[in-house]
Number of protein chains: 2
Amino acid sequence: MIENEIFKALADPTRRAIFEKLASGSMNASALRDGMDISQPAMSQHLSVLRSARLVREERRGRFVNYEVDPDGLALIAGWLAKYRAYWPARIDALKALLKDMDQ
Amino acid sequence: MIENEIFKALADPTRRAIFEKLASGSMNASALRDGMDISQPAMSQHLSVLRSARLVREERRGRFVNYEVDPDGLALIAGWLAKYRAYWPARIDALKALLKDMDQ
DNA sequence: CCAACAGATAAGCACAAACTTATCTGATTC
DNA sequence: GAATCAGATAAGTTTGTGCTTATCTGTTGG
């Protein structure tokens with residue numbers, strides 16, 4: 001059940017921070033670690049969780065592995081959220097802004 | 001940090017099942033427990049987690065407490081997701097369907 | 001070829017979390 | 001008022017998870 005993996009992946013602040021770093025572009029594991037106070041194996045573990053959850057994907061370039069956001073995981077969250085559209089009255093401003101963007 | 005609570009709340013299959021039951025309407029804790037093989041205190045704990053995450057809200061009616069979906073938590077997920085709109089190319093069919101619904 | 005580097009994996013530890021049984025608190029009914 | 005009911009809370013157990021140090025595997029450069 002991929003949904004469980006996705007929510008679990010995002011339920012950790014360190015992993016969310018990693019994901020947010022990747023939102024601004026592809027990075028290797030060492031670069032991701034800059035400015036974060038975690039060990040190298042911890043980073044490796046977190047990236048493994050994010051990859052399994054399809055929130056990031058990787059591309060090996062020789063000795064380096066570059067990671068980037070994988071849209072698949074985000075699509076799955078959106079799909080899950082879409083099940084509850086009855087609860088989306090005019091109150092959800094964030095999504096309305098998104099709607100506007102996508103219409104352009 | 002409410003985001004962490006929300007993702008954690010949804011990272012458990014039992015809690016997601018409870019949430020999905022509530023999506024079809026308000027229910028008390030006992031009714032929620034029907035067809036689920038968990039103890040009464042477990043149900044109470046899960047509802048407490050969902051409430052703290054603002055995914056459900058409650059209303060006491062005498063001896064009964066009715067629970068229902070709280071749109072606030074959903075809105076927060078949508079808000080988080082909206083941060084990654086650059087990753088929403090034409091591939092996200094679930095959201096496009098949602099867009100169509102909300103335009104009506 | 002070998003040393004250095006990047007990152008994955010193994011193993012261990014401390015704490016968190018999902019479950020339980022037991023108990024408590026508040027509401028309802030007779 | 002007492003018994004029953006609904007649900008919260010307490011405490012304990014088991015399992016899972018985020019961290020670490022140690023080690024391994026594969027790539028690069030001299």
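Each chain gets a letter, A, B and so on, in the order the sequences are listed, and its residues count up from 1.
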pair [X]-[Y]: side-chain heavy atoms closer than 4.5 Å:
{"X": "His46(A)", "Y": "Ile38(A)", "result": "yes"}
{"X": "Asp72(A)", "Y": "Arg57(A)", "result": "no"}
{"X": "Arg16(A)", "Y": "Leu10(A)", "result": "yes"}
{"X": "Leu74(B)", "Y": "Val69(B)", "result": "yes"}

Worksheet entry | Of residues 19-33 of chain A, the positions that come close to DNA chain D - non-hydrogen atoms, cut-off under 4.0 Å |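 Heavy-atom cutoff 4.0 Å gives no residues at all.
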Provide, to the nearest angstrom, the distance between the [atom1] atom belonging to [X] and the [atom2] atom belonging to [N].
{"X": "Leu47(A)", "N": "dT9(C)", "atom1": "CG", "atom2": "C1'", "result": "14 Å"}
{"X": "Asn4(B)", "N": "dA17(C)", "atom1": "CG", "atom2": "P", "result": "9 Å"}
{"X": "Met36(A)", "N": "dT20(D)", "atom1": "CE", "atom2": "P", "result": "11 Å"}
{"X": "Leu50(B)", "N": "dA8(D)", "atom1": "CG", "atom2": "C1'", "result": "15 Å"}
{"X": "Tyr67(A)", "N": "dA6(C)", "atom1": "OH", "atom2": "P", "result": "14 Å"}
{"X": "Phe7(B)", "N": "dA17(C)", "atom1": "CZ", "atom2": "P", "result": "16 Å"}
{"X": "Lys8(A)", "N": "dA18(C)", "atom1": "NZ", "atom2": "P", "result": "6 Å"}

Worksheet item: Which parts of nucleotides 19-30 of chain C does protein reach within less than 4.0 Å, heavy atoms only, written one letter per nucleotide 5' to 3' as B for base, S for sugar-phosphate only and - for none?
Response: BBBB----BB--
Discussion item. Surrounding CG of Asp37(B) (heavy atoms of other residues, nucleotides or ligands, distance under 6.0 Å), is the total greater than 12?
Written reply: no
Discussion item. Between Glu20(A) and Lys83(B), does any side-chain N to carboxylate O distance fall below 4.0 Å?
Written reply: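 So Glu20(A) pairs with Lys83(B) through a salt bridge.
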Worksheet item: Taking the side chain from Arg54(B) and the backbone from Glu5(B), do they hold a donor-acceptor pair closer than 3.5 Å?
Response: no
Within this structure, what is the [atom1]-[atom2] distance for the pair [X] and [Y], rounded to the nearest 0.5 Å?
{"X": "Arg60(B)", "Y": "Asn28(B)", "atom1": "CZ", "atom2": "CG", "answer": "10.5 Å"}
{"X": "Phe19(B)", "Y": "Tyr84(A)", "atom1": "CZ", "atom2": "OH", "answer": "5.5 Å"}
{"X": "Leu32(A)", "Y": "Met27(A)", "atom1": "CG", "atom2": "CE", "answer": "4.5 Å"}

Item to complete: Give me the bend of the helix from dC1(C)-dG30(D) to dC30(C)-dG1(D), using the axes of the five pairs at each end, rounded to 10°.
Response: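 Roughly 20° between the end axes, to the nearest 10°.
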Worksheet item: Can you name the closest pair of heavy atoms from Arg33(B) and Ser39(B) and give their distance?
Response: NE-C, 3.5 Å
